[in-house]
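This report refers to the structure that appears directly beneath it.
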Amino acid sequence: MSENGIRIEIYSRPGCHLCDEAKEVVDRVGRRVPFNVSVINIDDDPEMQKLYGEQIPVVFINGNKAFKYHVDEAELEKKAKKLWKP
């Protein structure tokens with residue numbers, strides 16, 4: 001985990017173009033605001049498949065749902081900076 005404790009989780013699956021776009025946005029913001037990123041493949045867990053199905057990507061920040069389908073880069077950076085404790 002990053003020193004400031006910001007944890008980003010991306011619920012995703014292989015072959016999902018929206019998921020790939022979300023990961024790119026998260027990576028870009030991560031170059032400006034440090035945080036730990038985990039990508040969770042929902043296909044690895046039948047319960048996750050039931051919960052999220054085609055409603056991916058879903059992005060959580062410190063366990064709170066922040067984005068679904070698309071990640072707004074400016075909004076993600078704003079949310080992360082609020083939590084950042086350099």
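Positions are given from 1, in the same order as the sequence printed here. Everything numeric in this text was worked out from a predicted model, so none of it was measured.
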- prompt: Any side-chain heavy atom of Ile10 within less than 4.5 Å of one from Ile40?
  reply: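 No, too far: nothing below the 4.5 Å cut-off.
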- prompt: Do Leu76 and Val33 have side-chain heavy atoms sitting under 4.5 Å apart?
  reply: no
query: Which salt bridge (charged side-chain N to carboxylate O under 4.0 Å, His left out) pairs, counting each pair once, include a residue from residues 55-64, with sequence neighbours left out?
result: none
- request: Hey, could you give me each pair passing salt bridge (charged side-chain N to carboxylate O under 4.0 Å, His left out) that has a residue in residues 54-66? Not counting sequence neighbours.
  value: Arg13-Glu54
Are [X] and [Y] linked, directly or through other ILVMFWY residues, by side chains that come within less than 4.5 angstrom of each other?
X: Val71; Y: Phe35; value: yes
X: Ile61; Y: Leu51; value: no
X: Val39; Y: Ile56; value: no

task: Please list, chain by chain and in numerical order, all residues satisfying side chain to side chain contact (heavy atoms under 4.5 Å, CB included) with Pro14, sequence neighbours excluded.
output: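 Checked Pro14 against side chain to side chain contact (heavy atoms under 4.5 Å, CB included); matches are Asn41, Asp43.
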Nearest 0.5 Å, please: how far is [atom2] in [Y] from [atom1] in [X]?
X: Ile6; Y: Asn36; atom1: CD1; atom2: CG; value: 10.5 Å
X: Lys79; Y: Asn62; atom1: NZ; atom2: CG; value: 11.5 Å
X: Asp45; Y: Lys50; atom1: CG; atom2: NZ; value: 9.5 Å

Pair listing, ring-ring contact (aromatic ring centres under 6.0 Å, His included) test, anchored in residues 45-68, at least two apart: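 Output for this query lists Tyr11-Tyr52, Tyr11-Phe60.
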Residues forming a salt bridge (charged side-chain N to carboxylate O under 4.0 Å, His left out) with Glu77, sequence neighbours excluded: Arg32, Lys81
- request: Please collect all disulfide bond (SG atoms under 2.5 Å apart) contacts where either partner lies in residues 26-78, sequence neighbours excluded, each pair once.
  value: none
task: Sorted by first residue and then second, give each disulfide bond (SG atoms under 2.5 Å apart) pair with at least one member in residues 28-84; sequence neighbours left out.
output: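 Residue pairs passing disulfide bond (SG atoms under 2.5 Å apart), neighbours aside: none found.
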Show me, pair by pair, the donor-acceptor contacts under 3.5 angstrom made by side chains of residues 16-25, not counting sequence neighbours?
from	atom 1	to	atom 2	distance (Å)
Lys23	NZ	Ser12	OG	3.4

query: Between Val29 and Glu73, which heavy-atom pair has the shortest distance, and what is it?
result: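 Val29 and Glu73 have their closest heavy atoms at CG2-CG, 3.6 Å.
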task: Supply the members, apart from Tyr69, of the Ile/Leu/Val/Met/Phe/Trp/Tyr cluster built from side-chain contacts under 4.5 Å; use none for a lone residue.
output: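 Tyr69 clusters with nothing; isolated.
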